[in-house]
Amino acid sequence: MTRHWWQDAVVYQIYPRSFMDSNGDGIGDLPGILSKLDYLQWLGVDTLWLCPIHPSPNDDNGYDISDYQDILAEFGTLADFDALLAEVHRRGMRLILDLVINHTSDQHPWFLESRSSRDNPKRDWYFWRDGRNGGPPNNWESIFKGPAWEYDPHTDQYFLHLFTRRQPDLNWDNPAVRAAISDLVRWWLARGVDGFRIDAITHLKKAPGLPDAPNPEGLPQAPAYALHMNVNGILDHLDALCAAFAGRELLTVGEANGITADEAEAWVGFARRRLSMILHFEHWHLWSNAPEAPLEPRALQAIFGRWQQALDGRGWNALYLENHDLPRVVSRWGDPGQYRAQSASALATACFLLQGTPFIYQGQELGMVNTRFDSLDAFDDVFARNRIAELRAAGLSDAAILQQLALTARDNSRTPMPWRDAPQAGFTTGRAWLAPNPDYPEINVERQLSEPDSVLHYFRRLLALRREEPALRFGAYQPLPQPDPQFLAYLRDDGDERLAIVCNLGRQAADYHHPTALPAPATLLLGNYPRCGHPDWIRFQPYEARVFRLESER
Ligand code: GLC
Ligand code: CA
């Protein structure tokens with residue numbers, strides 16, 4: 001079987017605005033990233049994914065791009081980028097960019113031309129339509145709330161935006177759009193990047209005719225996912241994009257809301273030669289459908305297991321619990337109080353030892369928790385601000401809105417990286433663009449480097465183990481029985497070795513005893529609690545995770 005470098009890779013996601021500021025303006029930048037490569041290499045990650053670094057009015061923090069072939073001045077220059085890439089490569093590491101091509105900024109020259117007149121050659125690069133009965137052309141709701149259409153008085157038409165009004169959607173049905181995107185992809189490949197994370201890729205195709213969404217409640221706008229996500233014909237657009245990747249060993253990972261495990265092989269099957277992997281949303285929705293409910297480990301394992309079994313030997317998974325769009329996983333599914341460190345390391349063990357490529361989001365390796373918001377003014381994210389307007393219009397009190405957003409807002413994971421117990425968490429000598437998480441005196445890199453039992457050191461051991469044990473990279477996944485619903489447990493078996501991963505993801509100590517599940521003798525390879533000397537591996541403390549090698553006869 002052919003093996004690809006990205007199957008051995010561990011990806012570290014950087015939110016450049018919040019990683020490290022090198023010049024005191026309060027905004028993270030490319031030289032700041034360069035200055036932290038020793039740390040990242042020590043941790044054991046080898047591939048960096050940078051969230052968008054291009055010129056942007058920052059309506060959606062860089063996900064609204066106004067020039068694909070340059071660097072946002074706040075982050076540095078193309079020369080800074082080349083220097084970073086060269087140093088990453090010199091260390092045997094790799095770097096991928098965020099490719100945001102479902103939409104551009106409203107300040108991108110393509111859109112400025114498109115909006116200039118109804119007969120501009122680029123008019124059809126975006127979706128322009130006449131209004132209907134004095135309102136938008138259809139009833140679609142934007143993913144970021146409000147109508148998905150913005151009126152432009154200059155030409156008396158509306159344009160489509162699935163995200164913010166400053167992110168007009170590109171019309172991928174237009175071959176000139178596809179060609180322009182292929183050109184910029186090739187331009188970055190010629191510069192030496194090792195791949196791309198492709199933003200919002202399942203939205204590239206819209207239902208022909210842009211029909212209304214079903215709207216039984218008669219609201220002004222209705223969610224329209226079925227009409228703009230994973231719509232018939234999407235794979236043709238995907239193929240057009242993948243043609244620009246052909247012939248290279250790239251890591252390409254699509255952000256793929258709406259794709260199920262059954263459909264995954266079409267997107268990432270080895271034989272199809274489309275993407276390397278996708279970031280699916282099924283476990284994300286387990287949380288977002290019930291943000292206040294405690295984790296049900298069984299439900300999480302059911303989702304993980306479906307994807308493991310669907311792709312084993314046929315394609316490859318991307319493994320993640322956090323990103324810049326999600327609150328911190330310890331606050332969502334762990335215990336941010338008493339068992340912060342244990343829940344951070346147990347959740348990481350449960351997810352990152354599955355078959356696939358781990359994606360660690362900056363700060364996750366410290367077991368960071370959600371930040372605190374004193375007032376509604378503390379939210380920076382455009383999505384949060386839209387939600388505030390929507391919830392106020394629905395009559396909620398500011399206190400109730402604050403409570404809801406504190407739990408769900410994307411700002412939670414976008415606070416500056418806490419490097420040290422120093423002003424501004426050691427992130428900047430100036431004033432950070434977004435206040436650091438007030439926990440930084442306790443939760444920071446410097447402190448955890450000095451503590452061998454820290455979450456940080458545990459992540460390093462976890463990644464080292466994954467590197468050392470082929471079964472953890474390539475072995476097949478088999479679920480282990482869950483005698484108690486608090487457990488998430490599985491085997492990885494590559495024919496030579498069998499490793500058992502057993503995680504108690506609950507706040508109570510519990511026994512993992514199943515007569516056939518873990519035949520002794522087993523050797524403990526990794527655990528997130530200090531061993532107390534006796535060989536009883538039945539009893540698991542709260543959020544205890546252990547990895548065993550099974551020595552028994554097969
Ligand atoms: C993706 C990004 C998110 C962004 C959106 C629009 O979901 O991860 O941060 O807001 O696309 O580009
Ligand atoms: Ca800076």
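One-based numbering, in listed order, for ligands and for the atoms of each. Values below: every heavy atom of this structure, side chains too, minus hydrogens, waters and symmetry copies.
- Taking atom 4 (C) of ligand 1 as the reference point, the nearest protein heavy-atom neighbour is Asp60 OD2, 3.3 Å.
- Salt bridge absent: Arg165 and Asp59 never bring a charged side-chain N and a carboxylate O closer than 4.0 Å.
- The protein heavy-atom contact nearest to atom 7 (O) of ligand 1 is Glu255 OE2, 2.8 Å.
- Trp267 does not carry Arg272 over the face of its six-membered ring by the limits of under 6.0 Å from the centre and within 45° of the normal.
- Contact check on Arg385 versus Asp411 returns no salt bridge, with no Lys/Arg side-chain nitrogen under 4.0 Å from an Asp/Glu carboxylate oxygen.
- A cation-pi arrangement, defined by a distance under 6.0 Å to the six-membered ring centre and an angle within 45 degrees of its axis, is present between Arg332 and Trp287.
- Distance alone, capped at 3.5 Å, is enough to place a donor-acceptor pair between the Ser18 side chain and the Arg414 backbone.
- Two rings, from Tyr63 and His324, have their centers less than 6.0 Å apart.
- For the pair Arg129 and Trp149, the cation does not sit on the ring face, since its NZ or CZ is not both under 6.0 Å from the ring centre and inside 45° of the axis.
- Protein nitrogen, oxygen and sulfur atoms, that is N, O or S, within less than 3.0 Å of the Ca ion (ligand 2) amount to 5.
- Sparse packing is recorded around CZ of Arg420, with 12 or fewer heavy atoms of other residues, nucleotides or ligands lying under 6.0 Å away.
- Annotation: cation-pi pair Lys36/Trp419 present, NZ/CZ under 6.0 Å from the ring centroid and within 45° of its normal.
- When each atom of ligand 1 is checked for a heavy atom of Arg410 under 4.0 Å away, the hits are 3 (C), 4 (C), 9 (O), 10 (O).
- Looking at residues two or more places apart in sequence or on another chain, you find no ring-ring contact (aromatic ring centres under 6.0 Å, His included) involving Trp5.
- Here the shortest heavy-atom distance to atom 11 (O) of ligand 1, taken over Ile198, Asp325, Asn257, Asp199, belongs to Asp199.
- Residue Arg197 places a heavy atom under 4.0 Å from ligand 1.
- Neither the backbone nor the side chain of His203 comes within contact range of ligand 1; no heavy atom lies under 4.0 Å.
- Atoms of ligand 1 found under 4.0 Å from any heavy atom of Phe144 (numbered from 1 in listed order, with element): 10 (O).
- Per-residue contacts place His103 under 4.0 angstrom from the following atoms of ligand 1 (heavy atoms of the residue considered): 6 (C), 12 (O).
- Residue contacts with ligand 1, taken as heavy atom pairs separated by less than 4.0 Å, do not involve Phe383 at all.
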